[in-house]
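The structure under discussion appears below in the form of structure tokens.
We're numbering straight along the sequence, starting at 1.
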Amino acid sequence: MTHAAVVTGVGITAPNGLGIEDYWTATCAGRSGIGPVTRFTPDSYPSRLAGEVPGFVAEEHLPSRLIAQTDHMTRLALLAADWALEDAGIKPDELPEFDAGVITASSSGGFEFGERELRNLWSKGGAHVSAYQSFAWFYAVNTGQISIRHGMRGPSGVVVSDQAGGLDALAQARRQIRKGSSVIVSGGVDASICSWGWVAQLAGGRLSTSDDPDRAYLPFDTAAAGHVPGEGGAIVVLEDAEAARRRGARVYGELAGYAATFDPAPSTGGPPGLRRVIELALDDARLAPDDIDVVFADAAAVPELDRIEADALKAVFGRGGVPVTAPKTMTGRLHSGAAPLDVVAALLSIRDRTIPPTVNVSPDEAYELDLVTDRPRSTDVHTALVVARGHGGFNSAVVVRRAG
């Protein structure tokens with residue numbers, strides 16, 4: 001028996017909204033959260049814009065003992081998980097002890113915490129380094145802290161595959177649901193807007209150097225010249241569909257299909273794996289290209305990568321064959337948090353029959369995409385495809401659809 005995995009709870013900490021309705025209202029209104037970096041002084045760096053989560057005061061949401069031992073990233077993740085469980089109406093302590101688990105993605109770990117402790121080490125000595133440094137920096141820390149906070153001792157893990165990781169984590173969560181777990185908390189939240197994290201991101205060579213928030217992140221535009229990084233993401237509750245039905249849960253939609261591929265090494269001359277991952281995800285969902293109502297694009301804003309994505313979409317769906325959107329132009333690329341946030345946006349598109357816009361972009365006609373720009377598009381959305389790529393050749397795709 002195959003257990004369908006459905007989303008019954010959502011928690012969002014995004015640069016243009018804290019909480020699901022704040023985020024969705026801002027996204028549909030085209031309100032961006034991109035602006036000058038405030039978490040450190042970026043004046044000496046070539047890139048100085050980011051999507052920072054506004055209005056987040058950790059002390060208002062978390063106990064002091066957690067503040068002392070967690071990075072900013074983990075605090076955002078803990079709040080998102082709290083909200084997702086509350087939204088789902090689930091109290092983990094009422095579940096069987098080893099039934100509920102946590103699977104998240106991470107790209108950087110707790111960089112800000114780690115930078116502070118390294119500064120202490122260099123300037124003051126080892127006695128001044130927090131014992132919490134031993135885990136606060138670690139990629140798996142969000143999974144661990146969420147698990148501990150809610151007593152969730154079931155199947156758990158962490159995935160590290162950059163921007164693709166958020167979809168890979170959701171897929172692992174679906175796999176555990178199919179194996180018999182009733183509830184898995186999953187998704188991704190990243191935050192590395194600190195000088196150490198900034199240098200690491202600059203090394204990738206893909207950051208925009210524009211100081212104009214409206215012109216800095218322009219995927220599929222002739223002016224595309226890199227992306228703006230951001231922080232935050234989304235945590236969701238995945239649940240067995242039958243168990244959700246029995247308890248009368250509100251269902252946002254089903255995670256119906258997934259696939260992952262890897263690009264070949266550049267020296268081989270092989271084709272990129274993006275087209276193939278889309279086809280495999282559709283096959284996994286037992287759907288045809290005509291069944292997809294909207295694509296949430298990876299939207300790298302690097303001309304070469306935009307061309308690869310546009311060509312893949314054209315090969316699968318035809319020229320302008322499906323509406324395409326990239327609401328991440330309002331948040332920046334959130335690394336492991338980006339794709340789960342797109343999955344939530346896709347589910348809300350299904351709920352409200354509305355495709356959110358790709359703001360600030362004037363589409364280059366050469367890409368031959370039906371890019372939704374300027375304002376939301378009202379249309380019936382039953383099924384959506386979310387595409388994500390990670391630095392180094394990771395490709396992932398997820399299909400979500402209205403729960404039947």
Side-chain angles (χ1 to χ4, degrees), residues 24 27-32 163 167 214-215 217-224 227 253 256-257 259 272 274-282 285 287-331 333 338-339 341-389 395-402:
W24 189 235
T27 297
C28 289
R31 291 201 298 272
S32 175
Q163 187 116 340
L167 297 186
D214 292 336
R215 302 299 299 164
Y217 182 22
L218 303 171
F220 308 112
D221 191 306
T222 57
H227 69 268
L274 193 59
R275 174 182 177 177
R276 184 61 176 152
V277 82
I278 293 170
E279 293 170 337
L280 289 171
L282 291 176
L287 296 173
D290 289 346
D291 295 318
I292 299 298
D293 299 307
V294 61
V295 173
F296 284 75
D298 175 68
V302 175
E304 177 187 357
L305 297 176
D306 285 352
R307 169 54 62 191
I308 289 170
E309 184 166 25
D311 286 350
L313 294 176
K314 183 168 60 175
V316 175
F317 299 103
R319 296 179 179 177
V322 64
V324 177
T325 188
K328 59 173 66 72
T329 55
M330 290 173 263
T331 64
R333 288 173 70 83
L341 190 60
D342 275 349
V343 167
V344 170
L347 293 169
L348 296 174
S349 291
I350 292 169
R351 183 192 73 179
D352 294 348
R353 294 174 167 81
T354 298
I355 300 173
T358 307
V359 302
N360 300 323
V361 172
S362 298
D364 184 347
E365 293 182 0
Y367 289 121
E368 299 180 297
L369 294 176
D370 177 16
L371 194 67
V372 179
T373 59
D374 298 328
R375 61 185 60 85
R377 182 182 299 180
S378 295
T379 184
D380 188 39
V381 180
H382 185 275
T383 306
L385 172 73
V386 178
V387 178
R389 290 176 289 184
N395 305 292
S396 296
V398 154
V399 176
V400 294
R401 65 185 168 202
R402 184 174 296 144

Taking only residues two or more places apart in sequence or in another chain, which ones pass salt bridge (Lys or Arg N to Asp or Glu O under 4.0 Å) with Arg319? Glu368
To the nearest 0.5 angstrom, please state how far the CG atom of Leu218 sits from the OG1 atom of Thr329. 8.5 Å
Has the side chain of Arg333 got a donor or acceptor atom that lies under 3.5 Å from a matching backbone atom of Asp298? yes
Donor-acceptor contacts, no H, no angles, side chain residues 381-388, under 3.5 Å, sequence neighbours left out:
none

Taking all non-hydrogen atoms of both residues into account, name the closest pair between Pro323 and Asp293 and its distance. CD-O, 3.3 Å
Donor-acceptor pair, distance only, cut-off 3.5 Å: does the side chain of Thr354 make one with the backbone of Asp352? yes
Flag side-chain contact, heavy atom, 4.5 Å: Arg353 against Thr379: no
Nearest 0.5 angstrom please: Asn395 CG to Arg276 CZ, how far? 12.5 Å
Specify the closest pair of heavy atoms between Ala339 and Gln163, including all atoms of both residues, with the distance to one decimal. CB-O, 3.9 Å
Would you please test Leu341 and Thr331 for side chain to side chain contact (heavy atoms under 4.5 Å, CB included) and show each step? CA-CA 10 Å; Leu341 190 60; Thr331 64; 4.3 Å; yes
Step by step, would you call Phe220 with Arg307 a side chain to side chain contact (heavy atoms under 4.5 Å, CB included)? CA-CA 8 Å; Phe220 308 112; Arg307 169 54 62 191; over 6 Å; no
So, does Lys328 use its side chain to make a donor-acceptor pair with the main chain of Ala297 at under 3.5 Å? yes
Gap separating the CG atom of Leu371 from the CZ atom of Arg377, nearest 0.5 angstrom: 8.5 Å
Just list the side-chain donor-acceptor pairs under 3.5 Å for residues 357-365, sequence neighbours left out, or say none.
residue : atom : partner : partner atom : Å
Thr358  : OG1  : Thr325  : OG1          : 3.3
Thr358  : OG1  : Ala326  : N            : 2.8
Thr358  : OG1  : Val372  : O            : 3.2
Asp364  : OD1  : Ala366  : N            : 2.9

Heavy-atom nearest pair, Pro356 first then Pro327, reads CG-CG, 4.2 Å
Hey, are the side chains of Val316 and Leu313 touching, using non-hydrogen atoms and a 4.5 Å cut-off? no
Does Asp311 reach the main-chain N or O of Ile308 with its side chain, forming a donor-acceptor pair under 3.5 Å? no
Closest non-hydrogen atom pair between Glu309 and Leu274, with its separation: CA-CD2, 3.5 Å
Any side-chain heavy atom of Leu282 within less than 4.5 Å of one from Pro289? yes
Residue pair Asp306 / Tyr367: nearest heavy atoms and the distance that separates them: CB-OH, 3.6 Å
Closest heavy-atom pair and its distance - Ala223, Arg215: CB-NH2, 3.7 Å
Just wondering, do Ile278 and Phe317 contact through their side chains at under 4.5 Å, heavy atoms? yes
Under a 3.5 Å distance rule, please check whether Arg402 uses its side chain to pair with a backbone N or O of Ile350 as donor and acceptor. yes
